[in-house]
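Working notes, structure below.
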Amino acid sequence: MAERSTAAVDVADNSGETSLTAQADQSTADGVAKNRERDTDSDEVQESTRTDGAETTSPPELHSGHKLARRYRLEECVTRLDGFSSWRAVDEKLRRAVGVHILPADHSRARSVLAAARSSALLGDPRFVQVLDAVEENDVVYVVHEWLPDATELTTLLASGPLEPYDAYQMVSQVSSAMAAAHREGLAHLRLNPNAVLRASTGQWRIRGLAVNAALRGASSDTPQRTDTEAIGALLYAALTQRWPYESDAYGLSGLPKDIGLIAPDQVRAGVHRGLSELSMRALANDGATASRHESPCTTPEELVKAIGEMPRIRPPEPAFTAPPEYQRTTYQQGTYGRQSPRPGVTQPIASPPPPLQSRTGKALKWAVSALLIAALGLGSWQLADALMDQGGKNEDPGQTQTNDGNDKSPKKPAGAKPIAISGARDFDPLGDQSEKPSDIGKVYDSSTATYWQTDFYLSADFGRLKSGVGIILDLGKTQQVGKVTVTFVGDTSVELRSAGPEAASEPTSLDAYSKVAQGSGTTVQLKPDKSLKSRYLLVWLTKLPIQADDGKWRGRVADIKVSS
């Protein structure tokens, strides 16, 4: 099906404009809108001087309190630009907040805005902010749309930092599937930016301004699907890095450094999810970027939806455990049920303890207990003396040779070092995306130096300043005495030996759970703990990488690991 678009504009074009829109997040008399809804970019001026061929028709003279169709009462002007204005209003008939775009009927874009609004309204997809009305009357054209007081723009969310992987995954999944559905109906957005994407209080992501925002700006695109796909890639890039993937700053985000080009999100910020990083690059490949790992670029929202479906599902974070409040005993359990509460200011009498055994029976009982104790002490002393005499007689027997039993504390000669079998290993990248070439991890203990496990490549020996290191966790099968770990590298590599300790019942998953016991550098490094070490889980932690001659990139390669007692 051939691509077609009602209207379009380049997603990265901000035209150097600065918004003077009113703040719509102030409380109003009707108590509705409390967040700022903007239907155009934030970088817009009050009176645009663009020369894109559109007529500079003056907007109608409107003011707060003005009513349209005796129903929509204008409350606050949010945007005034290019001959049109956007308002927060109140639908007095249904008593709800709405948004309204208004422009003169003789405006050059009036007909295209009406057509775009009516096409968008016919879609009826709840993932988009719905167009409620599109009317021409009294020499003005106005479009009425939903106003979401409980929704937050992506621009506002990114002001406090990048999104968590699960939130970014949900955003790109919902936005991509929504835009794929819109393009199947022949509709494009073409102004998809952080101001147009909202997150409701329920966690659902909504898209504002389908077709209408682009029609208001009066531009077109020959490849609307490609434009929207690249815009989704830019949204995901910004959500992962809190940076705009172009050299210019936009939407409150800093752009990328000049002369460096478009680099992957996981090279911009440490800890970025690898799969989402690659997905954003595949969507942004339309602007000259190279898709990571030779994956084919995504040029339509439908292809992007398919690529997301092929990714491993990202699970939501575990909810934080809240300790229950301290158990409070009821008055019934405390033994005060049915008792009269003391009056304030009155001192309560304290019950005295019962008197000691002063009767004749009590005295007899005390004497009997004392006699039993004396008899027990005498019997014990006699048995102890008898045992000591028997032992002395045995030691004086000349025919017997004295030997040390198992409780002898005399030092023993250390036995020779023995190899310890490695029962399993896995890659360990807690400061990155949790994965570092897991398919080759078995090569580190296959008793062959011809094969090796290698890390991802980095821009410098210190992991591109993204993290302090990566490593390999060794499982020895059970807690054992470890005397030495010998590691063979390809290239001069700095390494630390860390241990989980003998008390670890299962494999720890955080770096802090492993304590450093030895360190070294070279191509064959013998790591000997300074103190006696017993452990089941060992961590070989690479801290500085060599540059490999075959590809000229900084990466670590572990050819063999041996553990001995």
Side-chain angles (χ1 to χ4, degrees), residues 1-12 39 111-134 143 145-146 148 151 154 168-200 202-236 239 276 279-280 282-287 291 295-311 313:
M1 174 175 166
E3 294 183 342
R4 65 186 181 87
S5 170
T6 55
V9 71
D10 184 0
V11 296
D39 296 285
R111 298 287 170 252
S112 62
V113 170
L114 277 175
R118 289 166 181 169
S119 299
S120 178
L122 291 175
L123 182 62
D125 193 319
R127 293 171 292 189
F128 295 93
V129 174
Q130 298 295 297
V131 172
L132 305 176
D133 208 351
V143 176
H145 64 87
E146 283 184 294
L148 306 177
L154 181 58
Y169 173 78
Q170 288 295 318
M171 184 274 294
V172 71
S173 299
Q174 296 181 30
V175 171
S176 299
S177 59
M179 289 310 306
H183 278 283
R184 284 194 294 269
E185 299 299 326
L187 292 173
H189 195 292
L190 307 173
R191 296 209 48 94
L192 204 53
N193 54 54
N195 293 337
V197 178
L198 315 171
R199 186 173 69 181
T202 59
Q204 181 186 8
W205 293 88
R206 306 279 300 273
I207 302 174
R208 178 172 56 200
L210 177 66
V212 176
N213 282 6
L216 287 169
R217 300 299 297 271
S220 60
S221 171
D222 295 331
T223 56
Q225 293 202 51
R226 179 174 175 175
T227 301
D228 280 345
T229 304
E230 186 173 353
I232 297 172
L235 291 174
L236 179 57
L276 294 176
L279 186 67
S280 67
R282 293 179 66 182
L284 285 169
N286 307 314
D287 196 34
E295 296 284 353
S296 59
C298 298
T299 59
T300 67
E302 200 74 54
E303 293 178 356
L304 201 54
V305 171
K306 183 179 178 181
I308 294 172
E310 295 172 351
M311 288 178 53
R313 183 176 179 84

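Reckoned from all heavy atoms, side chains included, excluding hydrogens, waters and symmetry mates. These numbers were taken from a predicted model, which means no experiment stands behind them.
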Problem set entry | Considering all heavy atoms, the nearest W205-Q174 contact | N-OE1, 2.9 Å
For this session: Only counting residues at least two apart or in another chain, list the ones meeting side chain to side chain contact (heavy atoms under 4.5 Å, CB included) with R127.
Result: D125, S177, A178, A181, Q204
Problem set entry | Distance-minimising heavy-atom pair for T227 and S221 | OG1-OG, 3.3 Å
Problem set entry | Partners passing salt bridge (charged side-chain N to carboxylate O under 4.0 Å, His left out) against R111 (at least two apart in sequence or in another chain) | E136
Problem set entry | Which atom of L198 lies closest to which atom of A151, heavy atoms considered | CB-CB, 4.0 Å
For this session: Any chance you could measure M179, atom CE, to H189, atom NE2, to the nearest 0.5 Å?
Result: 6.5 Å
Problem set entry | Intermediate values then yes/no, side chain to side chain contact (heavy atoms under 4.5 Å, CB included), L216 and V143 | CA-CA 11 Å; L216 287 169; V143 176; over 6 Å; no
Seminar exercise, completed: Rounded to the nearest 0.5 Å, the CG atom of L122 sits from the CD atom of E185 at a distance of 9.5 Å
Exercise. Under the salt bridge (Lys or Arg N to Asp or Glu O under 4.0 Å) rule, what pairs show up with a residue in residues 172-182, not counting sequence neighbours?
Worked result: none
Exercise. Is there a donor-acceptor pair under 3.5 Å between the side chain of T229 and the backbone N or O of Q225?
Worked result: yes
For this session: Report the C-alpha distance between L190 and D228 in whole Å, list the side-chain angles of each, state the deciding distance to 0.1 Å, and finish with yes or no for side chain to side chain contact (heavy atoms under 4.5 Å, CB included).
Result: CA-CA 6 Å; L190 307 173; D228 280 345; 3.7 Å; yes
Problem set entry | Heavy-atom pair of closest approach, residues A215 and A116 | CB-CB, 3.9 Å
Problem set entry | Residue pair T300 / H183, side-chain heavy-atom distance below 4.5 Å | no
Seminar exercise, completed: Heavy-atom nearest pair, A234 first then L284, reads N-CD2, 3.8 Å
Problem set entry | With sequence neighbours excluded, residues passing side chain to side chain contact (heavy atoms under 4.5 Å, CB included) with A168 | L163, L236, A239, L240, L276
Problem set entry | Any donor-acceptor pair under 3.5 Å from Q130 side chain to F128 backbone | yes
For this session: Rounded to the nearest 0.5 Å, what's the gap from CD1 on I207 to CG on N213? Could you check?
Result: 11.5 Å
For this session: Could you tell me the separation between the OG atom of S176 and the CD1 atom of I232, rounded to the nearest 0.5 Å?
Result: 4.0 Å
For this session: Calculate, to the nearest 0.5 Å, the distance between atoms CZ and CD belonging to R199 and Q170 respectively.
Result: 10.5 Å
Seminar exercise, completed: Sequence neighbours excluded, the answer for salt bridge (charged side-chain N to carboxylate O under 4.0 Å, His left out) partners of E303 is none
Exercise. Quick one: does L235's side chain get under 4.5 Å of V172's, heavy atoms only?
Worked result: no
Seminar exercise, completed: Heavy atoms of L187 and A211 approach each other most closely as CD2-CB, 4.5 Å
Exercise. CZ/R313 to OG/S173 distance, rounded to the nearest 0.5 angstrom?
Worked result: 8.0 Å
